[in-house]
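Reading through the structure tokens given below for one structure.
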There are 2 protein chains.
Amino acid sequence: MARLPLYLRALNGLAERGIATVSSEDLAVGAGVNSAKLRKDLSHLGSYGTRGVGYDVDYLIYQISRELGLTQDWAVAIVGVGNLGRALANYGGFVSRGFRVASLLDADAEVVGTGIAGLVVEHIDSLESVIRERAVSIVVIATPAAAAQEVCNRVTAAGITSILNFAPVVLTVPDGVDVRKVDLSIELQILAFHEQRKVTGGVDETAAAAADQWPGTVGMSERNQGASAPPRGGRT
Amino acid sequence: MARLPLYLRALNGLAERGIATVSSEDLAVGAGVNSAKLRKDLSHLGSYGTRGVGYDVDYLIYQISRELGLTQDWAVAIVGVGNLGRALANYGGFVSRGFRVASLLDADAEVVGTGIAGLVVEHIDSLESVIRERAVSIVVIATPAAAAQEVCNRVTAAGITSILNFAPVVLTVPDGVDVRKVDLSIELQILAFHEQRKVTGGVDETAAAAADQWPGTVGMSERNQGASAPPRGGRT
DNA sequence: GTACCTTTGTGAACCAATGCACAAAGTCAC
DNA sequence: GTGACTTTGTGCATTGGTTCACAAAGGTAC
Ligand SMILES: NC(=O)c1ccc[n+]([C@@H]2O[C@H](COP(=O)([O-])OP(=O)(O)OC[C@H]3O[C@@H](n4cnc5c(N)ncnc54)[C@H](O)[C@@H]3O)[C@@H](O)[C@H]2O)c1
Ligand SMILES: NC(=O)c1ccc[n+]([C@@H]2O[C@H](COP(=O)([O-])OP(=O)(O)OC[C@H]3O[C@@H](n4cnc5c(N)ncnc54)[C@H](O)[C@@H]3O)[C@@H](O)[C@H]2O)c1
């Protein structure tokens with residue numbers, strides 16, 4: 001379940017503050033979810049709670065870590081060492097959670113060879129050998145959008161089945177490969193959407209009126225001009 | 001709907017390639033969703049398609065942009081100019097989508113005053129005045145976790161109702177405030193979870209065996225050994 | 001003008017996830 | 001030891017979202 005990391009984060013916070021036991025209710029608040037949902041999620045791992053008392057924090061941390069596979073170290077390679085790649089490389093939050101940055105790779109000769117976060121940036125040509133020799137199992141793609149699919153093809157061909165993609169494109173991958181994407185622009189757009197709703201009290205007031213005046217080239221007048229870029233190829 | 005930005009991204013890609021019309025089927029592939037879902041989503045905005053032909057790309061871009069509130073400019077302030085804050089400030093993808101970075105703010109005297117992406121980092125003390133004077137409507141929090149709630153309190157008090165949070169904490173906010181969070185560690189943990197499943201063919205093989213040997217303090221002897229580590233500490 | 005073909009928009013079935021509510025289980029105080 | 005209290009684990013109804021499938025709508029060709 002995708003919420004386990006959230007619980008883990010909350011539990012770690014409790015452990016740091018020296019709290020030994022927590023009820024589903026309190027933990028749910030800390031993780032920002034409903035307590036019934038939390039209990040149901042945890043019950044899928046087994047019966048690790050004690051009725052009348054709650055859950056033992058350390059023990060639950062261990063069980064969730066095990067379930068998530070965090071009891072082992074994962075080698076991660078970051079491809080594309082630009083603004084974002086550098087930030088990721090310097091981020092301490094990965095290492096502390098069992099993710100080890102095993103390699104930084106880039107195509108730019110200016111960047112290759114420079115040192116970042118204790119690593120030397122390697123050339124993208126060595127991608128396959130790095131993956132093989134350092135047992136990399138997760139690849140982070142932080143290249144420009146145009147290069148992402150190409151990088152993706154190479155890493156999947158090299159046997160990688162877990163990819164975290166920051167480039168704003170939908171990656172096409174073989175079956176069995178997991179891709180998770182993070183698109184910050186999309187997050188902002190969703191916020192803007194809600195923000196707009198708050199201001200106008202719904203798009204139906206000012207905007208709907210403006211909806212009809214389409215400033216675009218032709219509108220869809222006579223025959224959708226260039227339109228119908230023959231769907232289905234040039235099948236007509 | 002949270003998928004509109006995805007469609008918009010795919011549409012922009014089509015527009016750049018000079019494609020004037022697209023069917024729901026093709027667009028769905030480009031956005032990585034089911035075509036029926038896409039049609040249903042779009043029908044919520046109104047009837048903007050043409051049966052037998054599809055959707056006019058430019059017109060649909062306009063309609064979705066309007067729905068998302070992207071026809072106006074949004075002023076964004078980034079609080080916390082560390083590794084991540086700098087990457088965000090340098091990212092061109094925001095500006096091109098109608099988001100303007102109006103201010104960079106930080107608490108560190110070393111950082112305040114330095115120039116990044118054409119802006120000068122300002123001191124966090126001026127947070128409220130910056131928000132007010134530059135009509136900031138969205139705040140991005142990229143501070144360490146410990147400072148996030150405090151920053152959040154201040155910006156909500158200043159009237160902000162849209163926050164994008166990168167710090168790994170659950171923010172508590174007044175009603176009516178939207179918070180979206182991005183936690184990269186969580187993304188990696190989810191990948192690790194699936195990766196582990198692939199390798200072991202389910203946690204029930206090797207791991208379940210290991211489940212009972214809890215290395216924690218007490219170990220739980222007598223009843224239901226592994227399970228139920230004496231909640232409430234080493235209370236025995 | 002007519003017949004055919006493509007694609008939309010949507011009713012209806014389906015599925016998964018959510019939340020409620022409560023009995024069972026265990027703790028704590030005395 | 002006993003009884004009251006707390007909290008888990010889960011059956012069940014509900015909700016929301018996804019997918020199927022198809023009639024209606026419009027375009028294209030001749
Ligand atoms: N910076 C951000 O805050 C941010 C936010 C959202 C999304 N993104 C996305 O993340 C990606 C990276 O952003 P960025 O700001 O770091 O861009 P950037 O241009 O600063 O960095 C991209 C890096 O990738 C390298 N690269 C290009 N082609 C490559 C290839 N084929 N193989 C390996 N490396 C290659 C470049 O040399 C460069 O160092 C982009 O797709 C961007 O849209 C970035
Ligand atoms: N760097 C990453 O790739 C990454 C990935 C995931 C999550 N995060 C999270 O994003 C946040 C920032 O990460 P980072 O790597 O940029 O950290 P960082 O330490 O490099 O930067 C944090 C910045 O915030 C400033 N700051 C501290 N307290 C402040 C306050 N009260 N007001 C304003 N500014 C303040 C600091 O001066 C510093 O410049 C952290 O919470 C981190 O967990 C970062």
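Proteins get letters first, then strands, A, B, ... in listed order; numbering begins at 1 in each. Keep in mind that this is a model prediction, so the values were computed, not measured.
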Between [X] and [N], is there a contact of a side-chain N or O with OP1 or OP2 at under 4.0 Å?
X     : N      : result
B:S24 : C:dT8  : yes
B:K37 : D:dT19 : yes
B:N34 : D:dG17 : no
A:Y55 : C:dG26 : no

Q: Nearest-nucleotide wise, let me know which of A:M1 and A:A36 is further upstream toward the 5' end of DNA chain C.
A: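 The answer here is A:M1.
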Q: Return the 5'-most residue of the pair B:L42, A:K40 with respect to DNA chain C, ranking by each residue's nearest nucleotide.
A: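 Checking each residue's closest nucleotide, the 5'-ward one belongs to B:L42.
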Nearest-Å distance for atom pair [atom1]/[atom2], residues [X] and [N]:
X     : N      : atom1 : atom2 : result
A:D56 : D:dT7  : CG    : P     : 15 Å
B:L45 : C:dT8  : CG    : P     : 14 Å
B:D41 : D:dT19 : CG    : P     : 11 Å
A:Q63 : D:dT8  : CD    : P     : 16 Å
A:E25 : C:dC20 : CD    : P     : 11 Å
A:L38 : D:dT8  : CG    : P     : 9 Å
A:Y48 : C:dA25 : OH    : C1'   : 18 Å

Counting heavy atoms from C-beta on, name the nucleotide in [options] closest to the side chain of [X].
X     : options                : value
B:S23 : C:dA12, C:dT7, C:dG9   : C:dT7
A:R39 : D:dT19, C:dA21, D:dG11 : C:dA21
B:R51 : D:dA23, C:dG26, C:dA21 : D:dA23
B:S43 : C:dG9, D:dG27, D:dG11  : C:dG9

Q: Identify the residue among B:L164, B:I78, B:I160, B:T156 that makes a side chain to side chain contact (heavy atoms under 4.5 Å, CB included) with B:V139.
A: B:I160
Q. About how many Å separate CD1 of A:I163 and CG of B:L191, when rounded to the nearest 0.5 Å?
A.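 B:L191 atom CG to A:I163 atom CD1 measures 9.0 Å (nearest 0.5 Å).
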Q) Does B:E67 come within less than 4.0 Å of A:R197, counting only side-chain N to carboxylate O? A)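 Counted as a salt bridge, because a side-chain N and a carboxylate O are separated by less than 4.0 Å.
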Q: Could you check if a side-chain atom of A:L11 sits within less than 4.5 angstrom of a side-chain atom of A:Y55, using non-hydrogen atoms only?
A: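 No, every pair of side-chain atoms sits at 4.5 Å or beyond.
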**Q.** B:S185 side chain near A:Y91 side chain, heavy-atom distance below 4.5 Å
**A.** yes
Q. At under 4.0 Å between heavy atoms, what does B:S47 touch on the DNA or RNA strands: base, sugar-phosphate, or nothing?
A. sugar-phosphate
